[in-house]
*Asks:* 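Here's a structure for you.
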Amino acid sequence: QVQLVESGGGLVQAGGSLRLSCPASGRTFGDYTMGWFRQAPGKAREFVAAISRSGTSTHYVDSVKARFTISRDNAKNTVNLQTNSLKPEDTAVYSCAFAWEYSGNYALMNRSTRYSFWGQGTQVTVSS
């Protein structure tokens, strides 16, 4: 089992920034990958970003490219999501997720079914 606990969400004005963090604990080994998803009220869960174990390969949904940056600290088993230039449409519950393998294929990594463990989520609210 792997446990994930997100932190860093909150209320911010449009144009502001937040840094989300998610440490993983438990049976974390191998070439695992971590990612972020979000879900706005009344909408389906949406892939945001994912990162390989080495950190050299990343995926982003088009709507956050150039504004969000995913990173990881393997010594702490932590994945971070730096969110800049936030927009009201970024308002959602952000959840981190753990997958056993990374793929360079975006079409595989953006599927929630690829991820085996999920955190409870942290609320990000962006006011206009």
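Just so you know, these numbers come straight off a predicted model, no measurement behind them. For reference, positions follow the sequence shown, starting with 1.
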*Asks:* Is it the case that one hydrophobic cluster holds both Val93 and Val12, taking links as side-chain heavy atoms less than 4.5 Å apart, direct or via other members?
*Replies:* no
*Asks:* Is the number of heavy atoms from other residues, nucleotides or ligands under 6.0 Å of Gln123 CD greater than 12?
*Replies:* yes
*Asks:* Honestly curious: do Leu86 and Val61 fall in one hydrophobic cluster under the side-chain, below-4.5 Å linking rule?
*Replies:* yes
*Asks:* Taking the six-membered ring for Trp, are Tyr102 and Trp100 ring centroids under 6.0 Å apart?
*Replies:* no
*Asks:* Can you tell me how far apart OG1 (Thr122) and CG (Leu18) are? Round to the nearest 0.5 Å.
*Replies:* 8.5 Å
*Asks:* What are the two closest heavy atoms between Gly121 and Ser95, and how far apart are they?
*Replies:* CA-OG, 3.6 Å
*Asks:* Under 3.5 Å, is there a donor-acceptor pair between the side chain of Arg111 and the main chain of Ala107?
*Replies:* yes
*Asks:* Taking His59 for the side chain and Gly35 for the main chain, is one N or O donor matched with an acceptor at less than 3.5 Å?
*Replies:* no
*Asks:* If you measure from SG on Cys96 to CD on Glu6, what distance do you get to the nearest 0.5 Å?
*Replies:* 4.0 Å
*Asks:* Once you round to the nearest 0.5 Å, how far does OG of Ser25 lie from NZ of Lys76?
*Replies:* 15.0 Å
*Asks:* If I compare all heavy atoms of Thr78 with all of Ser21, which pair ends up nearest, and what's the gap?
*Replies:* CG2-CB, 4.5 Å
*Asks:* How far apart are the closest heavy atoms of Arg114 and Met109, and which atoms are they?
*Replies:* NE-SD, 3.2 Å
*Asks:* I need the minimum non-hydrogen distance between Cys22 and Leu4, along with the two atoms involved.
*Replies:* SG-CB, 3.7 Å
*Asks:* Working to the nearest 0.5 angstrom, can you tell me the gap between Asn77 CG and Gln3 CD?
*Replies:* 11.5 Å
*Asks:* Among the clusters formed by ILVMFWY side chains lying less than 4.5 Å apart, do Leu11 and Val124 turn up in the same one?
*Replies:* no
*Asks:* Between CG of Leu20 and CG of Asn80, what distance do you get to the nearest 0.5 Å?
*Replies:* 8.5 Å
*Asks:* For the backbone of Asn74 and the side chain of Arg53, can you confirm whether one donor and one acceptor N or O come within less than 3.5 Å of each other?
*Replies:* no
*Asks:* Just how far is it from atom CZ of Arg19 to atom CG of Asn84, taken to the nearest 0.5 Å?
*Replies:* 10.0 Å
*Asks:* Identify whether the distance between the nearest side-chain nitrogen and carboxylate oxygen of Lys87 and Asp90 falls below 4.0 Å.
*Replies:* no
*Asks:* Quick check: Trp36 with Phe68 (ring centres under 6.0 Å apart)?
*Replies:* no
*Asks:* Are Val48 and Tyr106 grouped together when hydrophobic residues (ILVMFWY) are joined by side-chain heavy atoms under 4.5 angstrom apart?
*Replies:* yes
*Asks:* Between Tyr60 (side chain only) and Arg67 (backbone N and O only), is there a donor and an acceptor less than 3.5 Å apart?
*Replies:* no
*Asks:* Is there a donor-acceptor pair under 3.5 Å between the side chain of Thr83 and the backbone N or O of Ser17?
*Replies:* no
*Asks:* Measure across Glu46 and Ser63 and return the closest heavy-atom pair with its distance rounded to 0.1 Å.
*Replies:* OE2-OG, 4.1 Å
*Asks:* What residue among Tyr115, Tyr32, Trp118, Phe37 forms ring pair (Phe, Tyr, Trp, His ring centres under 6.0 Å) with Phe98?
*Replies:* Tyr32
